[in-house]
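Following: one structure in C-alpha cells, then a few remarks.
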Amino acid sequence: MGSTLPRDDALAGRREAVLRRWLGIEIARATVEDLAAVPMSERLVRLEDMYDAAVEVLAAPASPKEPALRDALDALLARQEPFAVVVLDAGLRTPAARAELAHSADGVWAAVDGGEGRTAVLLPGIGPAAAPIVADRLRVQAWTCAGADGLLPATGTAVYPDDGVTASDLLSLAHERVGSEAAGDMDAATVTPIHRAL
C-alpha cells in the first residue's frame with residue numbers, strides 16, 4: 001500500500017526518522033531466518049502502513065472527556081453545599097451532546113451520562129425552591145440540543161441535602177421522579193414544545 005502522506009510537509013522528516021528507527025529495531029530483533037523470509041521492501045511497506053494509520057488516529061479530534069457521574073457527585077458532596085441533580089430523559093447519548101448542553105445552560109457544573117439512556121445535570125447552589133424552575137429551563141435546552149423535535153424531555157430532580165445526603169440516594173430519587181415532575185396538573189405527554197427557530 002505504501003505512504004499516502006505528502007512528502008513535503010513537516011511530518012515527512014519525522015516520518016523518515018521514525019521509519020528508520022522502527023526498521024532498525026525490527027532488524028535487530030529478527031533472526032537470520034526471519035530476515036531471509038521477509039524482504040526489506042515488504043517490511044518497510046508494512047511499517048509505512050502502520051505509521052500512516054497511527055498518524056490518522058492521532059490526528060482525529062478527541063471526544064470530549066466527561067467525568068464519571070459518581071466522581072462528579074462525590075466532588076459536589078465533599079463541598080457540603082446545596083446542589084441539585086436533574087436527570088433528563090433527553091436522548092443526549094454522546095459526550096459531545098452532553099457537553100453542548102452543559103455549555104449552553106447557565107449554572108451547569110457537569111452534564112454526564114446518567115445511565116438508562118438519560119443525562120444527569122449537576123447544579124451547584126440550587127436549592128429546593130429553584131430546582132423545578134432550573135429543571136424546566138434544562139428541558140427546553142436539552143430539547144434544543146437534541147434537535148428540537150418531538151416532546152420536551154421528562155425530568156426528575158433531587159436536591160442535596162433535602163432529598164438525600166449520599167450519591168445513591170440522590171440519583172435513585174431523581175431517576176424515580178423522571179416523568180412525574182410535569183408543571184402543575186399537566187401530563188408530561190401533553191406538553192407541546194416551542195417551535196424551532198427558523
Got [X] and [Y] here, is their nearest side-chain heavy-atom distance under 4.5 Å?
| X | Y | result |
| --- | --- | --- |
| V87 | T155 | no |
| L73 | L171 | yes |
| P124 | L76 | yes |
| V18 | R21 | no |
| L122 | V85 | yes |

Pairs flagged by salt bridge (Lys or Arg N to Asp or Glu O under 4.0 Å) wherever residues 25-37 is involved - sequence neighbours left out: E26-R43, E26-R46
Would you list the pairs meeting salt bridge (Lys or Arg N to Asp or Glu O under 4.0 Å) in which at least one residue belongs to residues 162-173, sequence neighbours left out?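 Matches after skipping sequence neighbours: D163-R177.
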Please collect all ring pair (Phe, Tyr, Trp, His ring centres under 6.0 Å) contacts where either partner lies in residues 101-126, sequence neighbours excluded, each pair once.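 For residues 101-126: none.
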Would you mind listing every ring pair (Phe, Tyr, Trp, His ring centres under 6.0 Å) that reaches into residues 78-97, with sequence neighbours excluded?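 Those involving residues 78-97 are F83-Y160.
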Other than V134, which residues form its hydrophobic cluster under the rule that side-chain heavy atoms must be closer than 4.5 Å? V86, L88, L92, L101, V108, V121, L123, I126, L138
Qualifying side-chain hydrogen bond (donor to acceptor under 3.5 Å, both in side chains) pairs with a residue from residues 74-87, counting only residues at least two apart or across chains: none
Output yes when a side-chain donor or acceptor of H175 lies under 3.5 Å from a complementary backbone atom of G115, and no otherwise.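 The answer is no, because no donor-acceptor pair under 3.5 Å joins these two groups.
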Please check this pair: side chain of W22 against backbone of M50, looking for a donor-acceptor N/O pair closer than 3.5 Å. no
How close do [X] and [Y] get, counting heavy atoms only, and between which atoms?
| X | Y | result |
| --- | --- | --- |
| W143 | D149 | NE1-O, 3.3 Å |
| A167 | L77 | N-CD1, 3.6 Å |
| A154 | V178 | CB-CG1, 3.9 Å |
| A90 | A146 | O-CB, 3.6 Å |

Applying side-chain hydrogen bond (donor to acceptor under 3.5 Å, both in side chains) to R70 and not counting sequence neighbours gives S168
With S104 via side-chain hydrogen bond (donor to acceptor under 3.5 Å, both in side chains) - residues at least two apart: Q141
Start with the C-alpha gap between T119 and D113, add the side-chain angles, then the distance that decides, and say whether side chain to side chain contact (heavy atoms under 4.5 Å, CB included) holds. CA-CA 5 Å; T119 297; D113 182 3; over 6 Å; no
Applying salt bridge (charged side-chain N to carboxylate O under 4.0 Å, His left out), name anything that partners E116, two or more places apart in sequence or on another chain. R118
S41: partners by side-chain contact (heavy atoms from CB on, under 4.5 Å), with sequence neighbours left out: P39
